[in-house]
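Note sheet for the following structure.
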Amino acid sequence: MALRVAATAVMAARAAPRGMMRLFSTTSPNSFMPPPIAAMGNGEGTPGREQAPPSTNLFVSGLNKRTPSEKLREAFSQFGQVVDARVVTDRVTGYSKGFGFVRYASIEEAEKGRVGMDGKFLDGWVIFAEYARPRPERPPPQNMTNSNGYNSYARE
DNA sequence: GGTGAGCGG
């Protein structure tokens, strides 16, 4: 379909006098329209699935539910200094949720640990390592005033 | 007891 349109346009251009070309293009004789793209979204409407920017914190998923935090640290320590490694467990049942977080001392180490552990096996399960999503330490400013009606923000 | 995509405390 596009070929037919292009061929027709080419034939028309070759048959048309030079004066007609000006009606189609003001500058370049071969460009029909300036690309109006690269302005809209890239087709992804799920911001949660997007990759996070590099940081020292790594999100590790696909873990075996019996894998403890020590095993996680042990596996990731061969790529850098692990400052913190924890497997997320349910607070009430204490059972592992199958994912965890690994924090390195530097982003360089985190990068090495990410590419070094992503897709690797750990306790028989293929794990996935990626940069952890930047989440606010403090809860989002829902209500800046406390029950007394005063501003309760006295820290940084 | 133990699910199999996900972003904790």
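Convention: sequence-line order gives letters A, B, ...; per-chain numbering from 1.
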By the 4.0 Å heavy-atom rule, please label [X] as base, sugar-phosphate, or nothing.
X: Arg91(A); value: sugar-phosphate
X: Leu63(A); value: base
X: Tyr131(A); value: base
X: Gly100(A); value: nothing
X: Asn57(A); value: base

Quick one: which of [options] gets closest to the side chain of [X]?
X: Val88(A); options: dC7(B), dG8(B), dT3(B); result: dG8(B)
X: Lys65(A); options: dC7(B), dG2(B), dA5(B); result: dA5(B)
X: Arg86(A); options: dC7(B), dG8(B), dT3(B); result: dG8(B)

Next on the checklist: With side-chain hydrogen bond (donor to acceptor under 3.5 Å, both in side chains) as the rule and sequence neighbours excluded, what pairs involving residues 61-71 of chain A come up?
Outcome noted: Asn64(A)-Arg66(A), Thr67(A)-Asp123(A), Lys71(A)-Asp123(A)
Checklist outcome for this item: The complete set of side-chain hydrogen bond (donor to acceptor under 3.5 Å, both in side chains) pairs with one or both residues in residues 73-84 of chain A, sequence neighbours excluded, reads Asp84(A)-Arg86(A)
Checklist entry - Mind checking what makes side-chain hydrogen bond (donor to acceptor under 3.5 Å, both in side chains) contact with Ser96(A), not counting sequence neighbours? => result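 side-chain hydrogen bond (donor to acceptor under 3.5 Å, both in side chains) list for Ser96(A), sorted by chain: empty.
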For [X] and [N], give me the distance from atom [atom1] to atom [atom2], rounded to whole Å.
X: Lys97(A); N: dG8(B); atom1: NZ; atom2: P; answer: 7 Å
X: Trp125(A); N: dA5(B); atom1: CH2; atom2: C1'; answer: 12 Å
X: Arg66(A); N: dG1(B); atom1: CZ; atom2: C1'; answer: 13 Å
X: Leu72(A); N: dC7(B); atom1: CG; atom2: C1'; answer: 14 Å
X: Asn64(A); N: dT3(B); atom1: CG; atom2: P; answer: 10 Å

Checklist entry - Is the centre of the Phe59(A) ring less than 6.0 Å from the centre of the Phe99(A) ring? => result yes
Item to check | Exam field: side chain Lys120(A) to backbone Gly116(A), donor-acceptor pair closer than 3.5 Å | outcome: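 Yes; judged by distance alone, with no hydrogens or angles, the pair exists.
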Next on the checklist: Could you list the cluster mates of Tyr95(A)? Members are the ILVMFWY residues connected by side-chain heavy atoms closer than 4.5 Å, either directly or through other members.
Outcome noted: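 Result for Tyr95(A) is none, singleton.
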Next on the checklist: With nearest nucleotide decided by heavy atoms, which residue, Ser96(A) or Ala132(A), maps closer to the 5′ end of DNA chain B?
Outcome noted: Ser96(A)
Item to check | Position toward the 5' end of DNA chain B (nearest nucleotide), Phe59(A) or Thr93(A) | outcome: Thr93(A)
Next on the checklist: Any residue in residues 105-123 of chain A with a heavy atom nearer than 4.0 angstrom to DNA chain B? Just list them by number, or reply none.
Outcome noted: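 Contacts with DNA chain B under 4.0 Å: none.
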Item to check | Partner set under ring-ring contact (aromatic ring centres under 6.0 Å, His included) for Phe79(A), not counting sequence neighbours | outcome: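 By the ring-ring contact (aromatic ring centres under 6.0 Å, His included) rule, Phe79(A) matches no residue at all.
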